[in-house]
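Report on the structure given below.
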Amino acid sequence: MLLTLVTFIPLIAALVVLCIPKEQKDIIKWTSMGAAVVTFIISCQLIMGYRSGGTDSVAEKFDGQIQSVIDDNVADTALKASFQKGVQAIEADNVDDAVGADRGPVHYAEVAGIDLKSLDAAQSKAWHETWELSMAKGAAASEHIRFVEFGHWIDGFNIRYFMGGDGLSLPLIWLTALLSVLCLAYSWNITKATKAYFALFLILETGLMGVFLALDFFLFYVFWEIVLLPMYFLIGFWGGPRRIYASIKFFIYTLVGSVLMLICMLALYFHNGFDTFNILTLMEAAPGFSQTMQMWMFFGLFIAFAIKVPIFPFHTWLPDAHVQAPTAASVILAGVLLKMGGYGIFRFNLGLCPDAMTGAIQLPMWLGGNFIMFMAILGVINIVYGALCAMAQKDFKSMVAYSSISHMGYVLLGLAAMTDAGVQGAVLQMFNHGLSSAMMFLIVGVIYERAHHRNLNKFGGIGAQMPYYTGLATIGFFASLGLPGLNGFISEALVFMGAWNSHTASPAVGVFGLPTWIVFLALPGIVLTAAYILWAVQRVFMGPLKSETYKTFKDLSFREVFVLAPLGLLCIVFGVWPQLILGFMNDTLNTLVSSVIAVAGN
Amino acid sequence: MMFFALSKQAGQIAVTNADVQEKFPGLVQEITSNLGAFLPELILAVGVMWVIMADLFTRRERSRRMGFHAFAFVAVALVSVICHGFSGDQELFRGMIVDDGFGAFFKVLLLVGTLICIPMVMMTRSFDGRRMGEFYGLLLGSVLGMFLMVTAKNMIMFFLGIEFASYTSYLLTGYLKGDRRGAEGALKYVIYGSVASGAMAYGLSLLYGLTGSLDMADVAQGLIVSRTTDVTVLIAGLLCFAGFGYKIAAFPMHFWSPDVYEGAPIPFTAFLSVISKAAGFAVLLRFAEGMVGTGNWELTLSNGDVVGVDWPLVVGVISALTMTVGNFAALFQRNLKRLLAYSSIAHAGYLLMGIAALAPGAENAIPGWQAILFYLVAYLFMNLGAFLVVSIIAEKTGRETLDAYRGLGSRSALLSVALGIFLISLIGLPPTGGFTGKVQLIKAVVDDGQIWLALVAVVNTVVSVYYYARIIRLMFLEESDDTSKVPLSAPVSAFVVLMIVPVLWLGVFFGSTVDFIRDLTLTLG
Amino acid sequence: MSAAGRGREGEWALSFHAIIFWALAAMTIVPAIGIVVSKNIVHMAFWLLGTLLGVAGLYLHMEADFLGMTQVFVYIGGINVLLLFGIMLTNREPLYVRAAVKRPAIASAVLLGVVVAVGLIQSFGATEWHTVKDAVAPGLADASAKAVVNGDGTAATLGTYLLSDYILPFEIVSILLLVVLVGAAYIARRDPEGGSA
Amino acid sequence: MGGNTFMDIGLGHYLAVSAILFALGLIVVMTRRNAIGILMGLELLLNAAGINFVAFNRFSAPERMDGQIFVIFIVILAAAEAATALALVLNIYHQIHTANVDEAHLLKQ
């Protein structure tokens, strides 16, 4: 129930907001804020509950579901026993981590001695669902998925309302809920079409929550697309001067990715006649997919997600979108939307294409030889190229935008390492970047509201004029830079450690290890990042005041402190105590990695 | 000699009822018993005559009231179709037409569409002061012709139904006599339409020669059994496709549709782009299924060689070209009616994917025709909805160009949000019927292994985003000098809302519709 | 009666049959070529008359006597006259059909026509039609030949078909004619509401 | 039967006539720009189909008279079609005084 609440409370609030007369701006704002706060509280509850919740309750949930499916559709006791036998066989394979073998419903029907042809329509549907759930149960247990919600949606296509949270998704849920509250607070002085703005923002939040929680591919896709439209309108209506161009570009780029994903989704559905959109079931069955299938699947999904991350060469929409978007939309865009791509790569590319992730699939040399190298090279390009571009920017906001491209490169590099440290670093980097980039965009927003321009070269001396602002901004900048003691450092260090160890740790278990020179190629990224950030800090805050008008600038208002301080605090907290969040993700990520390694061992 | 015979027969030319009774015992009873299943058609036929006759006794100022009469007849016909049910499975009138779930489904689709179009006609001011009896007579006649199209089993009925629907459409396109664009559109429509049907007649004659029968079941059987050489079958198929393709505006028979759609009165453009197209697809489906038998695309010779025409590929290529041509042409249109015309060519292309995937490879997969049926339902509401908004805007502002939509978001929230939803559905984004429909079509071709076609469709979807999103952008993101509100009466607002509901419903709860379509009976030719 | 010539004095009947066919074929195709090359639309209409007559002759040659007469009455007496009316009503200027398409277009059309004709004949020749009977001897299974041989003509048989198997299209076509003619009359009428409104 | 193409008149001959007629009809349709001229081309197409139907009826399926029935309907429909087309030609002629399809170019812009 919690997951449904966390997903749909914003949507319901959006509908309520739409019914409020548009003159009642305060009511609109407070309703939206209330919904966002409630969502945030529930997301906190999810985080706490996850650490204390046991795995068994989920298993019981699945067992109960399986039992009721059988009981409702199968009357014959002998057949019932066969069904149970099938369930046991699937579970045994799940525990053994049986891979490669045919794990489709037809195979298990044979094992259990069920003659599929003799079943009537309801019974064969029931068998399919039993199979789907039993497979999913295995994955749910090992991935530490909790809070599972299972409901029927479109039975004709085996599309379910299937949600669940694990160590990968729940931190992002929490981040989304937090940033939503902060963004709504920051947007308090929006005067242009307030009602539509807040309603769209809440719809956006629903879409984001759904993307991270959906465990049914179709459901995931629907939420994925729902995110698209509110963002399009937020950029296009409330954005800067070139907003229309930017919004269309954002829309079309993202849509290209998502339609590619659609094809991959349908291809997965039909593969081996599995006929299921259940992500967990597909993950259990994934080791059996043929290499060709995995290769095309990897490409299709990777491009779909790469556009969102964005990964070079699909990144060109991002600077436009960021620069034109209103501050709050930029924050959500950088803080959460980019993570959708990263999340997708972890959930789908890692989960559904294990052979690709072990480097077993050969690629042409110009693509790196295998998928691991392919991703690592793209990651390095992102890191270095993004940093170089950021350094070249005069516009404060586009500098921050390009820094996002650079930072997301670490995610890819960490994943390519395929070591525990690397993967943990990658996911942690997503989370940290969510905090620090959100903070940076807010910092830009604050100064832009006062100066009405963003030209880095025209600032100067703000530090003395706005001390509180400068203090908070410095935390954000240094977190982004990767200063030890702040959160960015931990994740980047983990990524580099993982990538460095990759060549020694991975081959032992049959996974392709990254060569060390990749790490050396990526290292200049750190230097460049330090350079452009320090340079920016110097240009904005240090030196004499460049303009008389800057003297009139007031320091942070209470609302701005309310928005920036928690982010700054969190940057410090997670920098000092990374285990708080790492311990949360470790189990899930380690299982993900080890399940891929298990394929390689086979 | 022949001439002798002719002169002799002049005296005997009358065939009496008794003669028929003697030669075909029980014929009268047989035909009478078929009339029950034929009730909707009879209602429409009576309706045709009623509106024409009743109009003669109505003053011209009140002629628009004929719309109520026509509406009533269509509604009664709809009730009678639904009461008859969807489980029929019999031939009527000696194998001329069939009574099956597939046909009943299309009848409902056509009637619902007509029910939506009639109020649109009544809202259109350019019809004011004209005699409307003939208009509604032609409209109902067109629907009657389409009824025969969707239930035909004999090639004569195919031909007759198509021609009936076509002639009435030609006349309706040019119904606004003073309107020059309408007159030109109608002329182009009739000239090239006739040529297409002439080509189709030639194709049908070849099928008759190949199989020796006019009955679609025999034709299908005959094509499989006789294993004729490929080329003539291909020629016959392509010639027939010229006729059907003209109706559905498939490449390369699409060139008429932008002119006709732009020239016709908006409500009738809506009728043509949705209802006429749906009927065309019904014929094409029956024909395609019939011509090759159920899923029997390839003919295997006794020595094991596989011969035959790769129809999925042929249709797939046509489908790809149709959607590409439609979408790229739509990119550059500034008149919304014309833009929707090109976009409806593109949608015909998407729908043709279902025909290309008629023979599904995998088990449990939905055959292409079910995907087509679903998409047609969604398309009915989304496209008619879009035309409804276009029609309202044209009535209020007198303009059909894109400029009329600038800043509409602030002038009429309902209209702009509604049009936005219809356009999003036409793009194929969730949570709308257009999305679930397109997913099913793409699913059908992916399932059939024609990934390339799915990719073409995907690229086309992206292209289409550009021009659909441009309208959305104009409405919501740009501001116009004219900020006056667009006044809407309560019934019109309700009408618009009524069109939104099914579009969203089909996007979220499409399961029941899918199941319903799955259970339809298709008595094949 | 050509069909009756089978067996008895086969040679003569065969050649007579053939000569009539070639004459009718020429009578069909030569005027059709005339339509293609003619520059004057009135000439075209008269060339069409010739083709229609030729087709009627071919129908008779194939023992479809009712169809032959229908062709003469409806096509020549009705449709062709209608077309002539149309020409007269719409052509105040000199009655020339402008060859509005450019010469290359005409050339390509002719080329396409030749390709179509040759292609069709080629593929028809290679096609195994339903059950090809003897050219000259339709045999007793032939419904229309039987009718003609018995001296009934095909009209009665066709009438029986139309009132039994084909009663539905027969009835529908009457509604079609009603609707279409009412509609056409409305469109063609020049009344105050239309025209220059 | 002998192999004399000129003497043994059979299905193939009729089909050849119809094929040529069809091709000529296509040429007329493609080269004419006058609506009535195109209609004449259409009549050629329909007559070609008619010859086919009658020939197939006689040589391929002589047991019934389906083909001839079809031709009856083709003739009736051709009449209705001619009436429709002429009404629309007159309609446009009232307005722009031409029956040439390419002069009616308002829509092409």
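Protein chains get the first letters and strands the later ones, always in sequence-line order, with residue 1 at the start of each.
- Of the possible donor and acceptor atoms, one in the side chain of Asn57(D) sits under 3.5 Å from a partner among the backbone N and O of Gln68(D).
- Under the ring-ring contact (aromatic ring centres under 6.0 Å, His included) criterion, the residue pairs touching residues 22-47 of chain D are Tyr202(B)-Phe22(D), with sequence neighbours excluded.
- Residue Ala82(D): no heavy atom, backbone or side chain, is found under 4.5 Å from chain B.
- Using a 4.5 Å heavy-atom cutoff, the side chains of Lys153(B) and Met96(B) are not in contact.
- Between Phe158(B) and Leu214(B), the closest side-chain pair of non-hydrogen atoms is not below 4.5 Å.
- Side chain of Lys337(B) to main chain of Glu262(B): a donor-acceptor pair is present (N/O by atom type, distance under 3.5 Å, no hydrogens or angles).
- With chain B as partner, the option from Leu45(D), Ile51(D), Leu44(D), Leu46(D) having the largest number of non-hydrogen pairs under 4.5 angstrom is Leu45(D).
- Top candidate by heavy-atom pairs under 4.5 Å with chain B, chosen from Asn52(D), Leu26(D), Leu15(D), is Asn52(D).
- Between Gln333(B) and Tyr342(B), the side chains place no donor N or O within less than 3.5 Å of an acceptor N or O (distance only, hydrogens not considered).
- Of the listed residues (Ser213(B), Ser194(B), Ala183(B), Gly212(B)), the one with the most heavy-atom contacts under 4.5 Å to chain D is Ser194(B).
- Top candidate by heavy-atom pairs under 4.5 Å with chain B, chosen from Ile74(D), Leu77(D), Val29(D), Val71(D), is Leu77(D).
- Of the listed residues (Ala49(D), Gly67(D), Ala78(D)), the greatest number of heavy-atom pairs within a distance under 4.5 Å of chain B belongs to Ala49(D).
- If you measure heavy-atom distances from Phe70(D) to chain B, the contacts under 4.5 Å come from both the backbone and the side chain.
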